[in-house]
Amino acid sequence: MTTVVKIGGARAVDPGPAVTDVAHLMANGEDVVVVHGGSTAVDDALSDFGLEPEYVESPSGMTGRFTDSEAMDVLAMAMGKVNTDLVATFQNAGVPAVGLNGVDGGLLTGPRKSAVKVVEGEKTKIRRGDHSGRIEAVNTDLLAAQFDAGYVPVVSVPMLADEGTPVNADADRAAAAVAGALDASLVVLTDVAGVYEDPDDEASVIESVASPDALAAAEDAAEGFMRKKVLAATEALEGGAAEVVVTDANQRDPVVRALGGQTGTRFDPEAVA
């Protein structure tokens, strides 16, 4: 059994409970890949360099980071620091871990999006100079080599574009690509309990998404950053993932409880049938 754990990069996400759960899964003979974000660290680093973090909205309503050449340099540096710190946390917890980014060994590859459509006011415009990409391939042989050697791969962006250029990619969708390629279970850890039917009501967690109609309802209910997580869940299942659970990183045993169906919003393969 293989599990992919995506640890969110927001300041409110505590990786500690996930680290403990990964140690538990490894002790039980399971292969685990950790994929992490770094949104807060990147924003902080950009500010340190006197650059303003820039987020844009696509015509479909998705919000994402616009990454020009300067921002790309800072992003690569900041994500490297986050990756190193997280690997050290795993090592200190007795979990053999190895840090990888998507460029290493061509782990995450696909086409670059040098121009993107963005919504500004009531107009849709083309913004050029973006350094981001869409992951289309995962080097599973590289991950299998880490499993065989007894390591937990700790993966981050950037990815490697077809033209050989490191570019940004969304971490949730990177985790989805990895989970799909490995036919794995994906646990997406964030700072809320799951997808809310009513975004203003924390008690309205959608527990199960097991049909196309339920998926459409979850897509309609999701707002803000959660829209990207629902998209990632869909892409993971379409790619071959066994299941996806979106849940709170800061609870007790978040990964183990998610895999046991005790917490979060669970997306089943039937949702994309």
side-chain contact (heavy atoms from CB on, under 4.5 Å) assessment of Lys117 paired with Ile126: CA-CA 5 Å; Lys117 290 183 178 180; Ile126 300 294; 3.5 Å; yes
- Message: More than 12 heavy atoms of other residues, nucleotides or ligands under 6.0 Å from CD of Glu30: yes or no?
- Response: yes
Q) Does Gly129 offer a backbone N or O that forms a donor-acceptor pair with the side chain of Asp68 under 3.5 Å? A) no
| Is there a side-chain contact between Val42 and Arg65 (heavy atoms, below 4.5 Å)? | yes
Is it true that, when you exclude Phe49 itself, more than 12 heavy atoms of the residues, nucleotides or ligands shown sit nearer than 6.0 Å to its CZ? no
Does CD in Glu207 sit with more than 12 non-hydrogen atoms of other residues, nucleotides or ligands closer than 6.0 Å?
no
Next on the checklist: Please check this pair: side chain of Asp172 against backbone of Val188, looking for a donor-acceptor N/O pair closer than 3.5 Å.
Outcome noted: no
Do you reckon Met26 sits in the same ILVMFWY cluster as Val34, going by side-chain contacts under 4.5 Å, direct or chained? yes
Value for OG1 (Thr140) from CG (Asp183), rounded to nearest 0.5 Å, stands at 9.5 Å
*Is it the case that one hydrophobic cluster holds both Val157 and Leu143, taking links as side-chain heavy atoms less than 4.5 Å apart, direct or via other members?*
no
* May I ask you to decide if Leu142's main-chain N or O and Asn139's side chain share a donor-acceptor pair within less than 3.5 Å? => yes
Closest heavy-atom pair, Thr247 versus Pro254, reported as atoms and distance to 0.1 Å, is CG2-O, 4.0 Å
Problem set entry | Verdict with reasoning, Val87 to Tyr151, per side-chain contact (heavy atoms from CB on, under 4.5 Å) | CA-CA 11 Å; Val87 169; Tyr151 290 102; over 6 Å; no
- Query: With no hydrogens and no angle check, do the side chains of Asp213 and Ser211 hold a donor and an acceptor under 3.5 Å apart?
  - Reply: no
Side-chain heavy atoms of Phe66 within contact of Ser132, under 4.5 Å: no
So, Asp130 side chain and Thr67 main chain: donor-acceptor pair closer than 3.5 Å or not?
yes
**Message:** Hydrophobic clusters here meaning ILVMFWY residues chained together by side-chain heavy-atom distances under 4.5 Å, can you tell me if Val5 and Phe267 are in one?
**Reply:** no
Checklist entry - Is the closest side-chain heavy-atom distance between Met1 and Leu25 below 4.5 Å? => result no
Hey, does the side chain of Asp21 reach the backbone of Val256 with a donor-acceptor pair shorter than 3.5 angstrom?
yes
- Message: Could you tell me if the side chain of Val245 sits less than 4.5 Å from the side chain of Thr265, heavy atoms only?
- Response: no
CZ of Arg11 to CG of Asp191, rounded to nearest 0.5 Å, is 12.0 Å
ask   = Are Val195 and Val209 co-members of a hydrophobic cluster defined by side-chain heavy atoms under 4.5 Å apart?
value = yes
Test item: Asn83 side-chain N/O and Met79 main-chain N/O as donor-acceptor pair under 3.5 Å: no
To the nearest 0.5 Å, atom OG of Ser114 lies from atom NE2 of His131 at 9.0 Å
Applying side chain to side chain donor-acceptor pair (under 3.5 Å) to Gln91 and not counting sequence neighbours gives none
Tightest non-hydrogen contact, residues Ala45 and Met77, listed as CB-CE, 4.4 Å
By side-chain contact (heavy atoms from CB on, under 4.5 Å), Ser58 pairs with (sequence neighbours left out) Ser60, Met62
Here the gap from Arg173 atom CZ to Glu235 atom CD, rounded to the nearest 0.5 Å, amounts to 4.0 Å
Interatomic distance, CG@Leu160 vs CG@Leu108, rounded to 0.5 Å, equals 9.5 Å
Only one of Leu189, Val154, Val155, Val13 passes side-chain contact (heavy atoms from CB on, under 4.5 Å) with His36, and that residue is Val154
CG (Asp85) and CZ (Phe90) are apart, to the nearest 0.5 Å, by 12.5 Å
Please step through salt bridge (charged side-chain N to carboxylate O under 4.0 Å, His left out) for the pair Arg127 and Glu54, ending with a clear verdict.
-> CA-CA 12 Å; Arg127 288 285 305 274; Glu54 184 177 6; 2.8 Å; yes
Closest heavy-atom pair, Ala171 versus Val35, reported as atoms and distance to 0.1 Å, is O-CG1, 3.9 Å
Practice task
Would you confirm whether Thr2, through its side chain, and Ala184, through its main-chain N or O, come within 3.5 Å as a donor-acceptor pair?
Solution key: no
In short, Ser39 meets Ala10 closest at the heavy-atom pair OG-N, 3.8 Å
When every non-hydrogen atom of Asp170 is compared with those of Lys228, the smallest separation belongs to OD2-CG, 3.5 Å
* Under a 4.5 Å cut-off applied to non-hydrogen side-chain atoms, are Glu243 and Leu186 in contact? -> no
For Glu270 and Ala210 the tightest heavy-atom approach is CB-O, 3.3 Å
**OP:** Evaluate the side-chain proximity of Tyr196 to Asp201: yes if any heavy-atom separation is below 4.5 Å, no if none is.
**Re:** no
When you look at Val167 and Met159, which way does the side-chain contact (heavy atoms from CB on, under 4.5 Å) test go after all the steps?
CA-CA 6 Å; Val167 296; Met159 61 171 280; 3.6 Å; yes
Validation row: Pro17, Gln251 side chains within 4.5 angstrom (heavy atoms):
no
- request: State, without any angle test, whether Ser204 and Asp198 hold a side-chain donor-acceptor pair at a distance under 3.5 Å.
  value: no
*Can you hop from Met226 to Leu215 via hydrophobic side chains spaced under 4.5 Å?*
yes
Solution key, residues 95-102 side-chain donor-acceptor pairs under 3.5 Å, sequence neighbours excluded:
residue : atom : partner : partner atom : Å
Asn101  : OD1  : Val103  : N            : 2.8
Asn101  : OD1  : Asp104  : N            : 3.1

- Task: Report yes if some heavy atom in the side chain of Thr234 is under 4.5 Å from a heavy atom in the side chain of Glu219; otherwise report no.
- Result: yes
(Q) Quick one, Ser156 with Val82, criterion side-chain contact (heavy atoms from CB on, under 4.5 Å). Give me CA distance, side-chain angles, the key distance, then yes/no. (A) CA-CA 9 Å; Ser156 73; Val82 174; over 6 Å; no
